[in-house]
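Numbered from 1 within each chain, the chains take letters A, B, ... in sequence-line order.
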Protein chains: 2
Amino acid sequence: MTDATGKATRRSGGRAQRLIQRAAKPIVDPCPPGQIGGSYKPLTEVDLARIFKTALKLLSDLGMGEVPDRLRRDLLAAGAQDNGKGRVTFPAPLVEDAIARAAKTFALHGRDDNRSIEVGGNKVYFGTGGAAVQTLDLEDGIYRPSTLADLHNFTRLQDTLANVSWYTRCCVATDVPDNFDLDVNTAYALLRNTTKPTATSFTLAEHIDPIVKMLDIAAGGEGEFSKRPFMKAHISPVISPMRYGEDAVDVVYECIKHNIPMSCITAAQAGATAPATMAGFLAQSLAETLASLVMVHAIKPGFPMVFSNWPLVVDLRTGAFSGGSGESAVLNAASAQLSNWLGLPSGVACSMTDAKAIDAQYGAEKGISSLAAALAGGNLIYESSGMTASLLGASFEAFILDDEMHSHTYRALRGIEVSEENLGFDAINEAVLGPGHFLGGEHTIAAMERDYFYPSVANREEPRTWAENGAKDARTVARERARRILADHHPEYLSSDQDAAIRSQFKIL
Amino acid sequence: MTDATGKATRRSGGRAQRLIQRAAKPIVDPCPPGQIGGSYKPLTEVDLARIFKTALKLLSDLGMGEVPDRLRRDLLAAGAQDNGKGRVTFPAPLVEDAIARAAKTFALHGRDDNRSIEVGGNKVYFGTGGAAVQTLDLEDGIYRPSTLADLHNFTRLQDTLANVSWYTRCCVATDVPDNFDLDVNTAYALLRNTTKPTATSFTLAEHIDPIVKMLDIAAGGEGEFSKRPFMKAHISPVISPMRYGEDAVDVVYECIKHNIPMSCITAAQAGATAPATMAGFLAQSLAETLASLVMVHAIKPGFPMVFSNWPLVVDLRTGAFSGGSGESAVLNAASAQLSNWLGLPSGVACSMTDAKAIDAQYGAEKGISSLAAALAGGNLIYESSGMTASLLGASFEAFILDDEMHSHTYRALRGIEVSEENLGFDAINEAVLGPGHFLGGEHTIAAMERDYFYPSVANREEPRTWAENGAKDARTVARERARRILADHHPEYLSSDQDAAIRSQFKIL
């Protein structure tokens with residue numbers, strides 16, 4: 001509202017004051033997780049259909065190798081065929097039936113139900129998925145082997161970050177040599193330090209039963225975890241190209257038995273375990289992820305599985321995996337589009353970087369792949385927080401910076417609401433014929449609070465002020481914040497009784 | 001090709017050797033400038049139509065204020081109306097006629113014709129557009145006022161960078177106090193140091209005639225420049241909200257007289273000079289850029305004008321312009337989509353950042369806005385190289401880093417070619433039934449050379465190797481490269497005769 005003369009009114013001072021007060025504490029998050037993606041379509045309808053058709057042909061003609069006996073029996077019972085040359089093939093109707101009956105949306109429960117999310121449709125959530133073996137030390141700034149203490153620290157750090165919507169252990173505790181101890185202590189670190197939806201990996205199927213007993217303690221009693229599972233499993237049942245991995249398939253059976261939702265992840269590498277041509281890559285990796293889906297379908301139709309088709313790229317010069325590139329961005333976006341087009345809950349990877357330093361390379365590679373995957377509608381976007389060094393590294397500063405970057409991405413994803421009110425024909429007339437600007441008006445302030453995200457790590461000062469305030473770069477600011485959070489945030493999400501019960505039954509390190 | 005047994009053949013060693021040799025020098029650029037955008041559509045068809053309709057209504061009902069007399073006469077002659085209250089209104093048919101007769105595609109000539117580009121359609125080109133007043137000093141790493149020497153150095157640096165497709169002077173020589181001297185010496189710096197398409201700003205219309213005489217000397221004789229203009233003008237003829245700026249309009253007349261193509265730039269700021277609601281912002285800024293187009297149409301129908309509708313955002317907390325945000329990303333993407341939808345050559349801004357340091361904030365903000373603007377199909381993407389500090393700063397390291405980032409963006413933009421050959425059904429069968437991998441095959445190497453971009457600044461080493469090699473961050477690597485280029489690249493794009501002729505007629509500082 002402006003006064004009739006178009007002059008600044010006396011109320012301006014009060015408005016400016018309110019403006020500053022409100023800005024200090026935004027009333028609402030303008031861009032929370034779960035924004036809707038899909039406005040970026042790297043593939044045409046014809047492309048999608050051709051890739052899908054090729055994937056179906058690969059499954060029906062070439063099929064899958066190294067099928068474990070138990071799975072072979074279940075697949076054949078579901079309609080698959082043994083080709084007599086060591087491979088099991090999937091007729092197209094079997095694959096299409098698996099797609100039709102797949103769980104299209106399902107909950108990832110947090111122990112705190114306010115933190116639960118729904119997977120599927122076009123909703124986009126960033127989360128973690130790493131298995132870094134090195135940690136960028138917060139104190140001395142060098143990479144060193146990741147430890148169990150790191151895992152506890154990363155877990156409680158991310159517990160405060162709104163844009164990690166589910167938390168998979170981001171690093172491997174390399175100081176825990178025994179595999180069973182590792183799986184147990186990884187699960188314990190998650191239970192103790194967060195009530196978000198969680199995820200982990202199980203090295204062997206026989207680890208699952210005892211770990212579910214631990215999860216039951218946290219859930220309040222025997223059998224309680226399976227009623228409302230708050231931990232999902234990351235599994236790679238398919239080894240590219242086009243064969244199953246026996247240990248992982250065993251884990252799948254055990255997860256289904258305990259009602260543990262699964263992210264079945266295909267992690268083919270272009271030019272190494274899949275074609276270097278991107279279309280061929282997508283066809284093969286789609287076939288492989290469909291092979292995981294058919295497996296689940298053959299064991300328990302409709303069991304919750306995130307269709308996690310992650311295209312990975314290797315650098316021709318070294319043969320090593322590279323995560324920060326335009327190729328990774330467009331391939332993961334295309335994968336998300338393909339999965340969503342099939343109606344399946346899509347899982348892709350982004351915010352990957354090959355940078356070791358927390359630098360401009362880090363930011364650009366993460367920004368590009370994050371926006372691409374999100375705009376394409378990836379439902380669960382793994383690896384998107386805290387990871388560095390081609391997924392070999394995890395960093396506390398990175399968690400802080402990625403959290404803020406995701407808000408920008410969600411803000412872009414939210415898009416532009418075109419309504420009569422927002423088009424503001426009358427408001428423009430008033431401003432033009434009145435004061436000649438839009439500053440300080442109630443409508444302006446309301447819109448800027450409702451629609452704009454205000455970063456707290458990123459620096460928006462002018463160069464002189466920035467220099468006077470110490471010329472800090474983003475990593476320095478993030479490091480200071482990470483240290484504050486780690487000093488202050490010590491959640492105890494297990495009661496002392498629960499903790500004692502777990503410690504009496506398990507070797508908690 | 002794999003041998004029948006699926007074993008590694010003796011030729012593998014030779015292949016690996018070729019692989020390394022070829023990788024050292026890619027045969028073709030897999031993602032040159034001019035990639036096709038448009039696969040990201042932030043606005044629906046209904047949204048586009050509503051925003052356009054509101055813009056038409058703003059022009060027909062509210063119209064433009066402060067119309068200079070000469071322009072008023074030309075507009076009224078073209079069908080505009082004087083509303084008797086100091087504003088000139090544009091009936092919808094006039095606006096639609098201006099759009100219909102606008103130049104849809106046209107050349108931006110380089111003095112070297114191999115460097116010319118065509119503006120329009122869905123081709124995407126990154127270039128500069130800044131007017132930084134501070135330079136991040138390459139030696140001591142602090143911001144200081146930009147100088148004419150900086151301008152010469154930036155110009156010859158970018159001359160070596162393939163992804164600056166046209167070069168607008170990126171900084172203002174603040175050590176040249178006189179406006180005429182400034183315009184003359186800016187044009188001279190461009191002439192001397194690059195043969196790409198160039199652009200500049202003219203402070204006053206009367207500067208143009210003498211500067212064209214200088215351009216004629218470089219072009220080979222009187223009148224030669226106008227036959228094939230290799231410099232365009234950046235002009236903001238509209239002052240938001242909804243009025244013309246007299247000096248800039250005078251520049252427009254003079255540019256048209258000398259056949260200088262124009263980027264008519266609307267640089268409204270959301271919440272300050274335009275609505276904070278994004279839909280309203282887009283409606284007003286579209287109306288304003290259309291007012292520039294109608295102006296050009298009234299003076300000379302179809303004269304080349306880049307429809308440069310740059311949405312800018314202010315931070316509510318300070319009122320200062322902020323360039324690095326999800327809001328900026330989606331607004332510039334939407335602006336590109338709108339312009340392309342109208343069939344007009346679109347100009348938007350991206351790769352903007354509020355960071356002062358060359359850090360993770362810098363990278364993430366640039367990555368997000370660059371990908372958004374490019375995927376949406378912005379034809380000329382201004383401000384996309386070398387700019388920092390909310391467009392207040394320019395940086396040599398930034399030019400190097402942005403150039404490489406744009407290759408990733410172009411690579412993503414290039415998309416995925418889905419053909420029978422690329423789908424590779426037979427190749428997948430061969431690999432699966434043969435060696436079990438795709439490494440080292442001729443098809444793999446051919447695809448990786450043809451389809452993959454290999455960065456030379458970004459670090460892809462593993463953490464240990466990176467540490468052993470000095471643990472350099474991206475800024476350090478970019479700084480080293482910038483220094484090398486500045487030491488080595490001293491183009492002399494004016495002959496000694498041309499240079500002498502210019503120096504005899506102009507005060508070259």
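For the set B:Ala360, B:Ala447, B:Ala478, the entry with the most heavy-atom pairs within less than 4.5 Å of chain A is B:Ala360. Chain A forms the most heavy-atom pairs under 4.5 Å with one residue out of B:Asp47, B:Val313, B:Ile142, and that residue is B:Asp47. Between chain A and the residues B:Ala412, B:Gly367, B:Ala357, B:Gly424, the largest count of heavy-atom pairs under 4.5 Å involves B:Ala412. If you tally non-hydrogen atom pairs under 4.5 Å between each of A:Phe321, A:Phe425, A:Tyr362, A:Phe453 and chain B, the highest count goes to A:Phe425. Between chain A and the residues B:Ser39, B:Ala474, B:Ala364, the largest count of heavy-atom pairs under 4.5 Å involves B:Ser39. Counting heavy-atom pairs closer than 4.5 Å to chain A, the top residue among B:Thr444, B:Leu331, B:Thr54, B:Leu62 is B:Leu62. For the options A:Asp451, A:Leu371, A:Asp402, heavy-atom pairs under 4.5 Å to chain B are most numerous at A:Leu371. Ranked by heavy-atom pairs under 4.5 Å with chain B, the first of A:Leu282, A:Asn429, A:Val46 is A:Asn429. In terms of heavy-atom pairs under 4.5 angstrom with chain A, the leader among B:Ala329, B:Pro275, B:Pro42 is B:Pro275. Note: A:Pro455 leads A:Gly393, A:Ala471, A:Pro455, A:Ala427 in heavy-atom pairs under 4.5 Å with chain B. Ranked by non-hydrogen atom pairs under 4.5 Å with chain B, the options A:Arg464, A:Glu461, A:Glu365 are led by A:Glu461. Between chain B and the residues A:Gln284, A:Glu417, A:Arg414, the most heavy-atom pairs under 4.5 angstrom are made by A:Gln284.
Listed for the A:Gln361 side chain is a donor-acceptor partner under 3.5 Å among the backbone atoms of B:Asn459. In this structure, the side chain of B:Tyr452 engages the main chain of A:Ala276 through a donor-acceptor pair within 3.5 Å. Using a distance-only test at 3.5 Å, with no hydrogens or angles considered, no donor-acceptor pair links the side chain of B:Asp473 to the main chain of A:Asp359.
With a threshold of 4.5 angstrom between heavy atoms, B:Ala272 approaches chain A through its backbone and through its side chain. Heavy-atom distances place the side chain of A:Leu401, and not its backbone, under 4.5 Å from chain B. Of the two parts of A:Ile368, the backbone and the side chain both hold a non-hydrogen atom closer than 4.5 Å to a non-hydrogen atom of chain B. With a 4.5 angstrom heavy-atom cutoff, A:Ala372 touches chain B via backbone and side-chain atoms both. The parts of A:Ile51 that come within reach of chain B are both its backbone and its side chain, each placing non-hydrogen atoms under 4.5 angstrom from that chain. For B:Leu392, the part lying under 4.5 angstrom from a heavy atom of chain A is the side chain only. Both the backbone and the side chain of A:Ala458 come within less than 4.5 Å of a heavy atom of chain B. Looking at A:Arg87, only its side chain comes within 4.5 Å of chain B, counting heavy atoms on both sides. Within the 4.5 angstrom heavy-atom criterion, only side-chain atoms of A:Arg450, from C-beta onward, approach chain B. Looking at A:Ser419, the atoms closer than 4.5 Å to chain B (heavy atoms on both sides) all sit in the backbone: N, CA, C or O. The contact between A:Lys57 and chain B is made by backbone and side chain atoms together, counting heavy-atom distances below 4.5 Å. Neither the backbone nor the side chain of B:Ala376 comes within contact range of chain A, judged by heavy atoms closer than 4.5 Å. Heavy atoms of A:Leu43 lying under 4.5 Å from chain B belong exclusively to its side chain. If you measure heavy-atom distances from A:Val314 to chain B, the contacts under 4.5 Å come from both the backbone and the side chain. Contacts of A:Asp61 with chain B are made by side-chain atoms alone, with heavy-atom separations under 4.5 Å and no backbone atom involved. The parts of B:Lys41 that come within reach of chain A are both its backbone and its side chain, each placing non-hydrogen atoms under 4.5 angstrom from that chain. Using a 4.5 Å cut-off between heavy atoms, A:Glu420 contacts chain B through both its backbone and its side chain.
Electrostatic pairing of A:Glu462 and B:Lys356 does not count as a salt bridge here, judged by no charged N lying under 4.0 Å from a carboxylate O.
The two residues B:Pro241 and A:Val432 come nearest to each other via the heavy atoms CB-CG2, 3.6 Å. Heavy atoms only, all atoms of each residue included: B:Met448 and A:Gly271 are closest at SD-CA, 4.3 Å. The minimum heavy-atom distance linking B:Leu375 with A:Tyr40 is given by the pair CD2-CE1, 3.7 Å. In terms of heavy atoms, A:His408 sits closest to B:Gly324 at CE1-O, 3.8 Å.
The local environment of CD in A:Glu421 is sparse, with at most 12 non-hydrogen atoms from other residues, nucleotides or ligands closer than 6.0 Å.
Atoms OG1 and CG, from A:Thr273 and B:Leu439 in turn, are 8.5 Å apart once rounded to the nearest 0.5 Å. Rounding to the nearest 0.5 Å places CH2 of A:Trp466 at 13.0 Å from CG of B:Asp354. Rounded to the nearest 0.5 Å, atoms CG (B:Leu433) and NZ (A:Lys85) are 8.0 Å apart.
Listed by chain and number, the residues in a side-chain contact (heavy atoms from CB on, under 4.5 Å) with A:Ala279 are B:Ile416, B:Val418, B:Asn422, B:Leu423 (sequence neighbours excluded). Evaluation of the side-chain contact (heavy atoms from CB on, under 4.5 Å) rule for A:Gln134 yields A:Tyr143, B:Pro463 as partners, not counting sequence neighbours.
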**OP:** Please step through side-chain contact (heavy atoms from CB on, under 4.5 Å) for the pair B:Val330 and A:Leu413, ending with a clear verdict.
**Re:** CA-CA 8 Å; B:Val330 70; A:Leu413 220 54; over 6 Å; no

**OP:** Please step through side-chain contact (heavy atoms from CB on, under 4.5 Å) for the pair B:Ser325 and A:Arg460, ending with a clear verdict.
**Re:** CA-CA 11 Å; B:Ser325 68; A:Arg460 290 183 168 180; 3.5 Å; yes

